[in-house]
Amino acid sequence: QVQPVESGGGLVQAGGSLRLSCTASERRFSVFSTGWFRQSPGKEREFVAGISGRGGSEYYGDSVKGRFTISRDNAKNTVYLQMNSLKCRDTAIYFCAANASWNIASMTSSRVWRYWGRGRQMTVSS
């Protein structure tokens with residue numbers, strides 16, 4: 001019923017910037033909590049960032065603090081992940097996740113998120 005769809009990503013040089021977007025046709029997507037996860041070969045799925053429904057509260061994984069920014073435009077039904085100062089270790093498939101509730105205590109665990117996008121590859125070169 002709720003199907004997040006990611007867009008953006010691609011190839012960028014180390015030190016550069018890139019933006020990912022996540023949207024859904026569900027009209028009430030703007031009030032859903034939304035998160036970003038990433039996964040690279042041989043590694044566990046890692047929490048990147050989360051934002052509360054309609055915005056106002058944001059949370060970041062330690063590895064991206066100060067470099068990534070999550071935001072949302074409720075009028076466009078879209079959540080963004082702005083990625084700056086990119087490093088080779090940021091290379092991964094990035095997934096958008098959404099949930100009807102906001103639980104800061106468990107949001108870093110992928111298993112508590114109900115709705116998932118298919119993911120977008122982001123590669124940082126050199």
Side-chain angles (χ1 to χ4, degrees):
Q1 184 176 358
V2 179
Q3 179 60 65
V5 179
E6 304 95 338
S7 61
L11 178 65
V12 64
Q13 291 187 355
S17 298
L18 212 60
R19 189 179 74 170
L20 293 169
S21 300
C22 178
T23 189
S25 60
E26 167 62 48
R27 293 187 181 89
R28 296 184 295 180
F29 186 67
S30 62
V31 304
F32 277 57
S33 299
T34 306
W36 290 94
F37 288 77
R38 67 186 183 185
Q39 188 167 28
S40 57
K43 297 183 179 180
E44 298 179 356
R45 185 165 295 190
E46 177 188 17
F47 174 79
V48 177
I51 188 168
S52 59
R54 303 193 64 82
S57 298
E58 299 82 39
Y59 187 85
Y60 297 93
D62 290 339
S63 63
V64 305
K65 288 180 179 178
R67 299 188 297 121
F68 290 13
T69 302
I70 188 170
S71 63
R72 68 193 312 158
D73 186 334
N74 293 327
K76 296 181 178 180
N77 233 27
T78 302
V79 175
Y80 303 100
L81 182 68
Q82 179 67 44
M83 302 179 288
N84 299 326
S85 302
L86 286 164
K87 306 173 181 179
C88 290
R89 64 185 180 182
D90 294 318
T91 295
I93 299 175
Y94 283 73
F95 298 89
C96 178
N99 215 9
S101 62
W102 176 252
N103 189 342
I104 192 170
S106 60
M107 66 183 300
T108 59
S109 177
S110 62
R111 58 184 172 85
V112 307
W113 295 83
R114 182 175 180 181
Y115 307 107
W116 289 86
R118 291 184 174 273
R120 298 285 291 188
Q121 178 69 46
M122 198 280 288
T123 302
V124 183
S125 64
S126 192

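This chain uses plain numbering: 1 for the first residue, then up along the sequence. This structure is a prediction, so every number in the text was calculated from the model and none was measured.
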field: Within one Ile-Leu-Val-Met-Phe-Trp-Tyr cluster: Met107 and Phe95, side-chain cutoff 4.5 Å
entry: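 In one cluster with Met107: Phe95, yes.
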- prompt: Are Val79 and Leu20 connected in the hydrophobic side-chain network, where two residues link if heavy atoms are under 4.5 Å apart?
  reply: yes
Any sub-3.5 Å donor-acceptor pair from [X]'s side-chain atoms to [Y]'s backbone N or O?
X	Y	answer
Asn77	Ala24	yes
Glu6	Cys96	yes
Ser52	Ser57	yes
Gln39	Ala92	no

Once rounded to the nearest 0.5 Å, what's the spacing between atom [atom1] of [X] and atom [atom2] of [Y]?
X	Y	atom1	atom2	answer
Glu46	Ser40	CD	OG	8.0 Å
Thr34	Glu58	OG1	CD	11.5 Å
Ile70	Gln82	CD1	CD	12.0 Å
Cys22	Phe29	SG	CZ	4.0 Å
Ser126	Gln13	OG	CD	7.0 Å
Trp36	Tyr80	CH2	OH	11.0 Å

Shortest non-hydrogen contact from [X] to [Y]?
X	Y	value
Arg72	Ile51	NH1-CG2, 3.8 Å
Ala49	Leu81	CB-CD1, 4.2 Å
Val31	Arg54	CG1-CG, 3.8 Å

message: As a test of understanding, state which of Arg67, Arg19, Met122 forms a side-chain contact (heavy atoms from CB on, under 4.5 Å) with Met83.
response: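 Output: one option passes, namely Met122.
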- request: Going by the side-chain contact (heavy atoms from CB on, under 4.5 Å) test, name the single residue among Asp90, Thr91, Ile93 that passes it with Arg38.
  value: Asp90
message: For Phe37 and Trp113: C-alpha separation, side-chain torsions, deciding distance, then whether side chain to side chain contact (heavy atoms under 4.5 Å, CB included) applies.
response: CA-CA 11 Å; Phe37 288 77; Trp113 295 83; 3.6 Å; yes
task: Give me the ring orientation class for Phe32 and Tyr115: parallel if the planes are under 30° apart, tilted from 30 to 60°, perpendicular past 60°.
output: tilted
- prompt: Between Tyr59 and Phe47, what is the ring plane arrangement, given parallel below 30°, perpendicular above 60°, and tilted in between?
  reply: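 Plane angle between 30° and 60°, so tilted.
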field: pair Lys76-Thr23: side-chain heavy atoms closer than 4.5 Å
entry: no
salt_bridge(Lys65, Asp62) N-O dist < 4.0 Å: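 Salt bridge: yes.
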- request: For Arg120 and Tyr94, test the side chains for any donor-to-acceptor distance below 3.5 angstrom and give the result as yes or no.
  value: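 No.
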- request: Would you verify whether the NZ or CZ of Arg45 falls within 45 degrees of the ring axis of Trp116 while also being under 6.0 Å from that six-membered ring's centre?
  value: yes
task: Could you go through the side chain to side chain contact (heavy atoms under 4.5 Å, CB included) check for Val12 and Ser17 one step at a time?
output: CA-CA 7 Å; Val12 64; Ser17 298; over 6 Å; no
